[in-house]
Every structure is written in C-alpha cells, then in structure tokens.
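Working notes, structure below.
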Amino acid sequence: MKSRFLNRCRRAGSFKAIVGLALGVAFFASAFSADSQTNSSQHSKPLTKTSLDKAGMSDERLNRIGEMIEKAIDEKQIPGAVALVARNGRVVYHKAFGMANSELGIDMNPDYIFRIASQSKAITSTAVMMLWEQGLFRLDDPISKWIPGFKDAGVLDTFNEQEGTWTTKPADKPITIRHLLTHTSGIGYGVIDGDPRFKKIYDKAGVTDLFTTEKITIGESVKELAKLPLHHNPGEKFTYSEGLDVLGYFIEIVSGKPFDVYLHDHLFEPLGMADTGFYLPEEKAGRLVSVQKLEDGKWVRYPVTFYDPDYPIKGARTFFSGGAGLCSTAKDYATFLQMYLNGGELNGVRILSRTTIETMMLNQTGELFGGGDKYYGLAFSVLTEKGQ
C-alpha cells in the first residue's frame, strides 16, 4: 500500500524540490534569547506563498499531485494527506485532502499536525551538528566519553530463544558520534528491528522504541540500551537504529539543556516553527491528525499496540525521542528543509554554515547504503545521479 502511493508521488511530475508531504495514515511515511542562533549576512525571505506565474510553475502539472492523492484516497490507500511544494524559497502548492479523522468526520486541513516519526531524525542530526560547530566534540569521538555505558559494547554472539539470554563478543572499535548519525553503530531498533532476536532482547530489557505516553526519559532508556548487544561491529554495516535517540540524550549532556528545550530555543523558535515539538498543548490537540487503519472498508482509530496513538496529547510527556518523537505541520517541516536548501540560513538566522551543510550531504557511509542509487550523509539519505 505504502509503496504504491509513494511510486505515484515520484511519477506525479518533476519539480526542483517537493519539500513536504504528510500523510494521515496508519504507517510511518512529516524576540530571540541571547543564546539563540546567530544573525547572518545572507538574508533569505521566510517561506511564504507566491503566484505560479512568478514561480514559473505549471498549474496543470501541479494539479497532478492532487489527482494522485485523491485517487489514493478513493482506493483506500490513505485516509488523507497534506501536500506542499516550494520552489526557490516560495510555496507554490499547499493543499489538504481527505479526512484527518474519519470516525469523527473531521476534514483534513493544511495546518493540521502530524506525528512525523523518523523525520525527527534529520532535526536531531541538525542539532548535533550545531553543537559540533561550537567545537564541543569531534564526530569520531566515542560516545562512551559522554555515556559511559557504551564503553564495553559487544556484538551479539549467541542467543537462547527459550530463555531469552545472550552472549557477546567484544566490538572491534568504539561507537562514535558519526556511527550514530549514519546508522552504522550496530545498535538495533527493538520492535521494528528486522532481526526477531533483537525485538525480544530490547523488549525484555524495557528499551522504549519510537515514542511513549509512559513516564520515562530518554536518558533512562538509553542507559538500558547501552547494556545490550550490537548487530555488528561499528562501521561495518548500515543498520537502521535508535542511534538518534542516543544522540538526543547526548545533546542534553553536551548542551546542559533538556532535549526539547534545546530544540525549541535553537531551532524551532529561530526558524518560526511554532507547531513543531514533542507534545502538544491543549489548544493544539484538535489539530492532531488521527492514526487510522482500514477495517471492513472503513478508516477507524488505530488501537493501542506497542505505542499509544494518543501520543502526543496524553501521558507523562517526559520522553523526547530524537529518532521518532516529534510532531509538525507540512509548512513547519518545509521551513526546516528550506533552511537546508538555503545553505543553513533562513530569514536572516544562520543555523549551520554553508560548509557544514555541504559536508553533511557528502557520502559518509561508502558502499554500505544504497547500492549506487543513493548514499547516507549526516542527516539525510542522498540520491545520486543514478538514483535520480
């Protein structure tokens, strides 16, 4: 279902940048204080709407996006969507389709808020690189320098299925910050891990995957994670992981601020991303898109499984997952991406240097990811010419 819809996205037309597409579906697809980011000699305009003739865009071709989404909704692939396209720093298309909550009959709205799941990873990576620019660490420093539990990391050797016990052999090198940014640390991903052994190991250890309404902190979860085996030696393979949750806790240690506070003060407020964060205040709860699933031809509320779909409007509000916990709107996330397209600046605020942005987009994983069609940088996977 997901792949059919995304393939249609790719066929919808050729644009310089499709900067945000948020789906309301039951799968994962998006006055400054003295210590805010610096002013910039470059001063782009904030992301605002413009007419198609000024942007040099075809209304007929842009409308293919709506036709594709409406067809997907008619075919029950998705209950609804928000699509946004920007070109040269101007929004040329921003529309909502379908239902935000089918059971309650709530139509989708362009400013509705989605759980952006793994799109959180790029934001966390950006925060890491902001602190790196301050000279607080090197990318190839071992994470154990800040989180000592990772000092004795070992690779899974044997696993007893009946008893749920395991043994390890020592890793041949320490896990570095670069490994965590590029999913090459050997850490797994619990409930969504491709290896059922790690699903059981993480569950038994009480490691929190993705996000939760329970009263737990990322520091508590990461310290438990540090005791568990690795898939492989660091730097040996690409294994999608909870490394960005580890880095969320790392940001707390290095910055001296709670992770949510650091992101608000240094990214969201400077960029004007007013609807992005881990948890929603009561006045925004009505804009949260419901997690839905298809049942007997109808979209219904997704049940509580390994996560509670009432996240992020209920619960303890103490877990700040750097890998999956943020919520945002299409416009807010497009603003974040526009900062990247501008080389690290937006509306006169410099988040990262142009050189850092360029470095982050270089191949950091060699041949470990993508098979020539793409590679992994320090915040995003990047298409090669072959992949394009």
Side-chain angles (χ1 to χ4, degrees), residues 20 22-24 28-30 33 36 111-128 130-131 180 189-192 207-223 225 241-291 302 304 306-337 339 351 379:
L23 310 176
F28 299 114
S30 118
S33 62
S36 290
D111 74 344
Y112 273 12
I113 298 169
F114 292 80
R115 302 158 186 81
I116 64 171
S118 284
Q119 299 305 111
S120 305
K121 291 179 170 65
I123 291 177
T124 301
S125 299
T126 301
V128 170
M130 290 163 67
L131 292 165
L180 294 167
Y189 222 137
V191 73
I192 63 170
V207 171
T208 301
D209 298 306
L210 308 180
F211 37 80
T212 183
T213 54
E214 300 299 318
K215 188 172 178 57
I216 187 173
T217 67
I218 48 170
E220 291 168 343
S221 185
V222 166
K223 288 174 184 177
L225 179 64
S241 79
E242 290 191 47
L244 275 301
D245 278 25
V246 176
L247 289 173
Y249 180 44
F250 167 75
I251 288 168
E252 291 193 335
I253 296 170
V254 173
S255 72
K257 291 185 176 183
F259 185 33
D260 63 328
V261 173
Y262 183 85
L263 291 182
H264 173 269
D265 292 352
H266 295 272
L267 262 178
F268 303 151
E269 186 174 50
L271 291 177
M273 296 169 64
D275 289 322
T276 304
F278 289 102
Y279 298 95
L280 301 184
E282 186 177 348
E283 63 269 21
K284 294 184 180 182
R287 292 165 55 199
L288 180 67
V289 176
S290 174
V291 182
Y302 202 79
V304 176
F306 62 89
Y307 73 93
D308 189 334
D310 278 335
Y311 178 95
I313 57 177
K314 293 183 181 179
R317 298 171 179 254
T318 58
F319 189 75
F320 310 125
S321 169
L326 287 168
C327 298
S328 190
T329 62
K331 176 68 178 298
D332 268 14
Y333 206 80
T335 296
F336 169 69
L337 295 177
M339 176 271 292
I351 301 298

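Quick note: residue numbers are just sequence positions, from 1.
- Side-chain N or O atoms of Tyr249 include none that pairs as donor or acceptor with a backbone N or O of Phe259 at under 3.5 Å.
- Remark: Leu210 CG to Asp245 CG distance equals 8.0 Å, nearest 0.5 Å.
- Checked against the 6.0 Å centroid threshold, Phe114 and Tyr333 do not count as a close aromatic pair.
- Although no hydrogens or angles enter the test, the distance criterion places a donor-acceptor pair under 3.5 Å between the side chain of Asp209 and the main chain of Val191.
- Between the side chain of Tyr311 and the backbone N or O of Gly325, at least one donor-acceptor pair lies under 3.5 Å.
- Atom CG in Leu267 sits 4.5 Å away from atom CE in Met130 (nearest 0.5 Å).
- Within 6.0 Å of atom CD in Glu283, more than 12 heavy atoms from other residues, nucleotides or ligands are found, so the atom counts as buried in its surroundings.
- By the 4.0 Å N-to-carboxylate-O rule, Lys257 lies close enough to Asp265 to be salt-bridged with it.
- The NZ atom of Lys223 lies 13.0 Å from the CG atom of Leu225; values are rounded to the nearest 0.5 Å.
- Taking CG of Leu247 as the start and OG of Ser125 as the end, the distance is 7.0 Å to the nearest 0.5 Å.
- Although no hydrogens or angles enter the test, the distance criterion places a donor-acceptor pair under 3.5 Å between the side chain of Asp332 and the main chain of Thr276.
- Separation of the Tyr307 and Phe211 ring centroids falls under the 6.0 Å cut-off.
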Practice prompt. Kindly indicate, with the supporting measurements, whether the criterion side chain to side chain contact (heavy atoms under 4.5 Å, CB included) is fulfilled by Lys331 and Asp111.
Written response: CA-CA 7 Å; Lys331 176 68 178 298; Asp111 74 344; over 6 Å; no
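- The CD1 atom of Ile218 lies 13.5 Å from the OG1 atom of Thr212; values are rounded to the nearest 0.5 Å.
- Rounding to the nearest 0.5 Å gives a distance of 10.5 Å between CG of Asp275 and OG1 of Thr335.
- Crowding of Lys284 atom NZ: a count of heavy atoms from other residues, nucleotides or ligands under 6.0 Å exceeding 12.
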Practice prompt. Give the C-alpha distance, both sets of side-chain angles, the deciding distance and a yes or no for side chain to side chain contact (heavy atoms under 4.5 Å, CB included) between Phe336 and Met273.
Written response: CA-CA 8 Å; Phe336 169 69; Met273 296 169 64; 3.8 Å; yes
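- One N or O on the side chain of Ser120 and one on the backbone of Leu326 form a donor-acceptor pair closer than 3.5 Å.
- In terms of modelled atom types and a separation under 3.5 Å, the side chain of Ser221 and the main chain of Thr208 share a donor-acceptor contact.
- The aromatic rings of Tyr262 and His266 lie parallel to each other, their planes meeting at an angle below 30°, with 60° marking the opposite boundary.
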